[in-house]
Amino acid sequence: MRSRILGTGSYAPKQVLTNADLETMVETSDSWIVERTGIRERRVAAPGEACSDLGVLAAQQALADANVQASQLDLIVVATCTGDSPLPSTASLIQHRLGAVKAAACDISAACCGFVYGLSVADAYVRTGYRYVLVIGAEVMSSIIDWTDRNTCVLFGDGAGAAVVGPTEDDHGILSLHLHSDGRLSDLICVPGGGSRIPPSERMVIDRLPFIKMRGNETFKIAVKTMEDAVREATSAHGFGIDDVDWLVPHQANVRILKAVGQRLRLPLERIAVNLTRYGNTSAASIPLALDEAVKNGTIQTGHVVVMAAFGSGLTWASGIMRW
Ligand code: ACO
């Protein structure tokens, strides 16, 4: 027995923030952002709209798509680095809002790899007898962005994606998942303040410590290498070559990263699902958002071999391979 994604859903806030809008906020330009990242616009949560609000809407779609009732869920896993608050878990808040009365609930912190890490939890529990697990990647990155820092504020966006995972006995479904981390590189992408190392204080806000910091150029090079390795690990685990991959659904950080990964793998960009142009980097939400879009518009079809690959803060990197 293996696990399979039975249904997907996604949600992005209504408010669109364009590159032209950012030109009025920091010293940047539409041409720099498009040329260096591929991003044209991103979504931003409304005031008061939190991670669980986005997650619930994505989850409801995924449940309907899977034809599963919330009351049938055994477990809810929310991958996020921008949960509603440190306590309780955002998964618990979503459990209540969905009416998933018998589900256990917890959050996973693995930054942009969170959805793939979450799928690995779902896969493991389904293989040991859980019936339905809901995995959500949801982020309000706008809540940890320093809107005065042009190095980061142009890159990120808000959104959510969800998948209902359940058992299958045919040869479709999740074939394997591969997770990695190298904590030596933890300072490449981080939010320095707001936790137990630098607890909340007026001083730390003045010092801009509750906001994301990134050494972009170093991250870029590592991202290309780890994504390539992660895809190769997933395919070779099943004796597949790159030509056997119908779709790569990668973490959406930068179109130049995706082009470089495609070139190294000899995988044409036409077989890589790209939606960062419209959403920017939505961290843990990026893969399920892109996956839902590709499934719903008929790009990914039954029988396709789909590889997911991600990298992010930690550093973490991860991949997964499924027969859709
Ligand atoms: N507008 C105009 N100029 C800018 C901007 C901006 N928004 N941002 C930076 N610049 C400038 C820099 O100041 C620098 O100027 P200088 O040469 O005078 O010092 C110049 O552009 C080049 O900066 P680099 O950082 O070298 O630019 P690079 O080509 O590397 O692109 C980018 C930057 C887009 C951040 C890229 O490095 C990248 O995408 N890195 C990967 C990021 C990533 O994938 N993170 C994923 C993890 S996120 C997570 O885990 C939550």
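Note that the coordinates shown come from a computational prediction; the quantities given were computed from them, not determined experimentally. For ligands, and for the atoms within them, numbers begin at 1 and follow the listed sequence.
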Closest non-hydrogen atom pair between Arg42 and Tyr279, with its separation:
CB-O, 3.5 Å
Short side-chain donor-acceptor distance under 3.5 Å, [Y] and [X]:
X      : Y      : answer
Ser286 : Gln252 : no
Thr226 : Asp229 : no
Glu139 : Thr282 : no
His238 : Asp244 : no
Thr302 : His304 : no
Asn254 : Thr37  : no

Could you name the option among [options] that has the heavy atom nearest to [atom]?
atom                    : options                       : answer
atom 9 (C) of ligand 1  : Asn151, Asp149, Asp30, Thr28  : Asn151
atom 7 (N) of ligand 1  : Gln252, Glu23, Arg150         : Arg150
atom 2 (C) of ligand 1  : Phe156, Phe311, Trp32         : Trp32
atom 36 (C) of ligand 1 : Asn254, Thr37, Leu315, Val255 : Asn254

Atoms of ligand 1, numbered as shown, that sit under 4.0 Å from any heavy atom of [X]:
X      : value
Asn281 : 46 (C), 48 (S)
Cys112 : 47 (C), 48 (S), 49 (C), 50 (O), 51 (C)
Thr219 : 43 (C), 45 (N)

Within less than 4.0 angstrom of ligand 1, does Ile33 place any heavy atom?
no
Answer with yes or no whether Ala223 contacts ligand 1, where contact means a heavy atom under 4.0 Å from a ligand atom.
no
Any protein heavy atom sitting closer than 4.0 Å to [atom]?
atom                    : answer
atom 16 (P) of ligand 1 : no
atom 44 (O) of ligand 1 : yes
atom 20 (C) of ligand 1 : no
atom 38 (C) of ligand 1 : yes

Can you list every side-chain hydrogen bond (donor to acceptor under 3.5 Å, both in side chains) pair that touches residues 108-121, not counting sequence neighbours?
none
Tell me which donor-acceptor pairs under 3.5 Å the side chains of residues 315-324 have, and how far apart each pair is, sequence neighbours excluded?
| from | atom 1 | to | atom 2 | distance (Å) |
| --- | --- | --- | --- | --- |
| Thr316 | OG1 | Ala110 | O | 3.4 |
| Thr316 | OG1 | Ser313 | O | 3.1 |
| Ser319 | OG | Ala230 | O | 2.8 |

What I want to know is whether [X] and ligand 1 share at least one N or O pair that is separated by under 3.5 angstrom.
X      : answer
Ser283 : no
His251 : no
Gly216 : yes

Please state which part of Asn217 comes within less than 4.0 Å of ligand 1, counting heavy atoms only: side chain, backbone, both or neither.
both
To check your reading of the model: name the closest protein heavy atom to [atom], its residue, and the distance in Å.
atom                    : answer
atom 31 (O) of ligand 1 : Arg256 NH2, 3.5 Å
atom 47 (C) of ligand 1 : Ile189 CD1, 3.3 Å
atom 29 (O) of ligand 1 : Arg36 NH2, 2.5 Å

